[in-house]
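To find a chain, count down the sequence lines: A is the first, B the second, and so on, and within it residues start at 1.
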Protein chains: 2
Amino acid sequence: MSNDNKELVTISDISRLAGVSKSTVSRYLNGGSISKKTTDKIKKIVHETNYSPNSFAQSLKAKKNNLIGTIVPRLDSYSIVQSLAGMDQEFAEKKYELLILNTYQSPERELEALQTFKKQKVAGIVFFATILKDEHIQLLKSLDVPIIILGQEVEDYHNVLYSDYEAGYKIGQYAHQLGHRSITYLGVTEADRSVGHSRKKGVFDALQLFDIHPDYYETTFQTKDAYKLSLKLLPHNESTYIICATDNIALGVLKAARELNIEIPQDISISGFGGYDITDAVTPTITTVKYAYQKAGHVTANSIIRLVNKEEVANVTLIENHVEIKNSTTFLI
Amino acid sequence: MSNDNKELVTISDISRLAGVSKSTVSRYLNGGSISKKTTDKIKKIVHETNYSPNSFAQSLKAKKNNLIGTIVPRLDSYSIVQSLAGMDQEFAEKKYELLILNTYQSPERELEALQTFKKQKVAGIVFFATILKDEHIQLLKSLDVPIIILGQEVEDYHNVLYSDYEAGYKIGQYAHQLGHRSITYLGVTEADRSVGHSRKKGVFDALQLFDIHPDYYETTFQTKDAYKLSLKLLPHNESTYIICATDNIALGVLKAARELNIEIPQDISISGFGGYDITDAVTPTITTVKYAYQKAGHVTANSIIRLVNKEEVANVTLIENHVEIKNSTTFLI
DNA sequence: TATAATAGCGGTACCGGTTCCAAAAAAATC
DNA sequence: GATTTTTTTGGAACCGGTACCGCTATTATA
C-alpha cells in the first residue's frame, strides 16, 4: 500500500535537520524576522520532508481552531443540503472546516451532538433546528460556544430565519388572486414551528381577509404519505386549489391526481413551498414559493464566523422568498 | 447571550479543587485503581464544574483522533448523500466523527482537501472519487493515512465499488427480454469510469450477444440537459427503449416525452440507474437498477475503521444492485 | 571609531492532557 | 508487631507546537 515513511515529521525534526532552533523554524512558518540564508535552509528541509504542522498542537496552544460544528436533522433534504452547500462555500473561502453531525431527527441525538461539539471544542456551532425542547435550551445555555440557530426562532440566540409566515401569506394571496375560494391546505405537524405552524398561519391569515377558510389536513414530510392521503382525499374533493406545505407533499398530490385522472391544473391547482429542483423536472412544473437556501447558508456562515471573531451580529436575520409561478396553478374559470 | 463562566476548566483545576494530583484525576477519568473516597471527591467536582477534557490535548498526546475525513464532489446528489448517511450511522455507533469536504467537482479542490486532511491529521480518509488523475494518485501516495476510495477503482488502494458493469449488463438483458431491438443509450462522459464507462459497456456487451447495437448520445448528470437533448431527439426517434445512465437523466426524458405527447411506456420504454426516491414519485414510476447506497456507506465506514485500527480489509468490495421493474418499461408489442 | 538601534536567533515556559515510575499508604502475611 | 505485598497517589516527562524574553551579530547614526 505504499506507506513506508510513516514517521510523522515534527518541528523539532526540522530544526535539527536545519541546524537551527525550534523557535526559528516556527518563526519561519508563521512569519517573523529571518535571514535569507536560514530561510533557504529551512525551506529546503520543509519541502524535502513534506512537513505539515500538527494542528492539534496548534489548537491546543492557540486555544481555538477552525472547526465549525453543524447539527442537521437529516441529510436527505433538499433545503438542508442546499443551505449546507452555501455555508460550505463561505467556509472554504475563509479557511474553516465544516463538521457535520446528522441526528436522524432524534432529539436525543441532538443533545449528544451538542455534547460532542463541546468536547471537540469547535469554534462555533450551527444548529439546523426542527423542534426545540426545554432540554435543548438548557444544554445550549451551558455551552460556551457561539451558536447560530437556523430555521427556528429561539429567544436569546442568534437566528437565521426563513420568512415562513410571509411565504404562506403570499401564496394565500396568490390563490385568491386566481379566483379560488374553495381551498385545501395540506400541512405538517404544528410542533414544527416554521413549516408546520408559520406557513399555515400565513396562508390562513391571508385568506381570512376574503372570508375564505381552507380545509386542513395533516400529513408528513414524506412524498409517499402525501400520496396515500391524496388517494383518499381527492375522489371526494371539492377544493379547486390545494396548497401543500412542501414541494415534496405537492409531488405526492400530483402523482395521486394523475392516477385518478384528475388534471392539474385544469381540475385542481396545486402549489408547494421550497423551490426544490424537482418542481421543474415534473409535468406540469409545480408552482412554489422559492426559498433562498444557498443564501441562507452564506448568511449563516458569515454570521457564525463573525461571532467566532467576537464581532457584532444581528440577532435575527430573515431570508427572503418569492412565489414562482409555474404550470400547476391556473385561474379559476 | 447568557455565556458568563467562559473560563474553560482543565484537569489541573479539577485536581486543585479536589486536592489531588493531575495524574489521579486522569486515572479517575480513564479508569485505574482509585480509592472510593477520592473517586467520590473527584466525581463531585467534575460534575459541579461540568468539566470535559480538551480533545486537542488528548489527540496531541495520543497521536490519533477519531476524525474521518470525507471528500465528496457534490452534496446535491442522491447517491452521495445516501452513502454518507450510511457511513454516518456506523460512525455514530463507533464514536467517530465525520468531517465532510465538498469539492464542487473541482479536481483542484480535491487536492486541497487532501492537504487539509493531512494537516488535520484525520485518522482516515474516504474519497468519493469521480475522475482521478495522476496528480491525485501522486498526492494520495504521499499521505500516511488509511484511505478508502469509493466508486472508482484505483490500483494499490482499498476500493468500495458499485458493480456498474453488471448493472448495465442486467438492464441490457432486461431490455432484450422485453423484446426490444431498437435501443438508445443516453450516457455521460466516459471520463467517469463508473457511470460513464462501465455502465455503458455492460449494456452494450449484453446487447451485443443478440446483435443489438444501441444508438449512443451523451448528456450530463443534469436533468435539465437530458430534457433539452430529448426534446431534440425524441421527435425523430426510432428506438423503442431508451436506457438512461442515471435516474435523473430518465427524469429529463420522461418530461420531454410528456410534452411531446409521447406515451411512456406505450410508445417508448425508459429506465434509469440508481434507485432514487424520485423514481417512485413520478408517473409513471421509473424502472431502474437500484444500488445499495446506504449499504455501501456501512461497508465503507466499517472498512475505514478497520484500516485505522490496522486490521485487514479486502482490497476491493463490491456493492450489489438489482433491477427494479416499475411502470416505465413494457413488452414490445 | 564609538555608540545606539535593530535584525536574527536560541532558551524556555506553557497549552492540557497521559503515562511511567517511584514513593507512600493500606492491607495482608507471618 | 515487624515484614511483605498490594493498592493508591504524586512527580515529572512528554506530545508538538507558539511566544515571550534576552542575548549576539549586524547595520545605522553620531
(Q) So B:Ser23, base contact, sugar-phosphate only, or nothing? Heavy-atom distance under 4.0 Å. (A) base

Q. Between B:Lys63 and D:dG16, does any side-chain N or O lie under 4.0 Å from OP1 or OP2?
A. yes

Q) How are the rings of A:His136 and A:Phe127 set to each other: parallel, tilted or perpendicular (split at 30° and 60°)? A) tilted

Q. With nearest nucleotides of DNA chain D determined for B:Val20 and A:Ser12 from heavy-atom distances, which residue corresponds to the more 5′ nucleotide?
A. B:Val20

Q) C:dT18 phosphate, OP1 or OP2: any side-chain N/O from B:Gln58 under 4.0 angstrom? A) yes

Q.
Looking at D:dT18, I'd like to know if its phosphate oxygens (OP1 or OP2) sit under 4.0 Å from a side-chain N or O belonging to A:Asn30.
A. yes

Q) Please give, in whole Å, the distance from C:dC14 P to A:Phe56 CZ? A) 25 Å

Q.
Please confirm whether the shortest side-chain N or O distance from B:Ser21 to OP1 or OP2 of D:dG10 is below 4.0 Å.
A. yes

Q. Is the shortest side-chain N/O distance from B:Thr24 to OP1 or OP2 of D:dG10 below 4.0 Å?
A. yes

Q: Grab the NZ-C1' distance between B:Lys36 and D:dT7 for me, whole Å please.
A: 17 Å

**Q.** Heavy-atom check, side chain of B:Tyr51 versus side chain of B:Asp13, under 4.5 Å
**A.** no

Q: Provide, to the nearest angstrom, the distance between the CG atom belonging to A:Asn65 and the C1' atom belonging to D:dG17.
A: 15 Å

Q. Can you check whether A:Asn54 has a side-chain N or O nearer than 4.0 Å to OP1 or OP2 of D:dC15?
A. no

Q) Nearest-Å distance, CD1 (B:Ile11) to P (C:dC14)? A) 18 Å

Q) Base, sugar-phosphate, or nothing: which does B:Ile34 touch, judged by heavy atoms less than 4.0 Å apart? A) sugar-phosphate

Q: Measure distances between side-chain N and O atoms of B:Lys61 and base N and O atoms of C:dG16, and say whether any donor-acceptor pair falls under 3.5 Å.
A: no

Q) Under 4.0 angstrom, heavy atoms only, what part of the nucleic acid is B:Tyr28 near: base, sugar-phosphate, or nothing? A) nothing

Q) Quick one: is B:Ser33 getting a side-chain N or O under 4.0 Å of the D:dT7 phosphate, OP1 or OP2? A) no

Q. CD1 of A:Ile14 versus C1' of D:dT18: gap in Å, rounded?
A. 16 Å

Q. Nearest-Å distance, CD1 (A:Ile42) to P (C:dG8)?
A. 12 Å

Q.
If you count heavy atoms of other groups shown closer than 6.0 angstrom to CG of B:Asn309, is the number above 12?
A. yes

Q) For B:Thr38, which contact category applies under a 4.0 Å heavy-atom criterion: base, sugar-phosphate, or nothing? A) sugar-phosphate

Q.
Counting only side-chain nitrogens and oxygens, does A:Ser59 get under 4.0 Å of the OP1 or OP2 atom of D:dG17?
A. no

Q. Ignoring hydrogens and angles, does a donor from either the side chain of B:Lys22 or the base of C:dG16 sit under 3.5 Å from an acceptor on the other?
A. no

Q.
Regarding B:Ser55, tell me which of base, sugar-phosphate or nothing describes its non-hydrogen contacts under 4.0 Å with the strands shown.
A. nothing

**Q.** Listed nucleotide nearest any side-chain atom of A:Leu60, set D:dG16, D:dG17, D:dG10
**A.** D:dG16

Q.
If you count heavy atoms of other groups shown closer than 6.0 angstrom to CD of A:Glu135, is the number above 12?
A. no

**Q.** Matching residue for A:Asp40 among A:Lys44, A:Lys36, A:Lys37 - test: salt bridge (charged side-chain N to carboxylate O under 4.0 Å, His left out)
**A.** A:Lys36

Q) Starting at CZ of A:Arg27 and ending at P of D:dG17, how long is that distance when rounded to a whole Å? A) 16 Å

Q. Across the strands shown, which category fits B:Ser26 at heavy-atom distances under 4.0 angstrom: base, sugar-phosphate, nothing?
A. base

Q: Return the orientation label for the A:Tyr291 and A:Tyr162 ring planes: parallel under 30°, perpendicular over 60°, tilted otherwise.
A: perpendicular

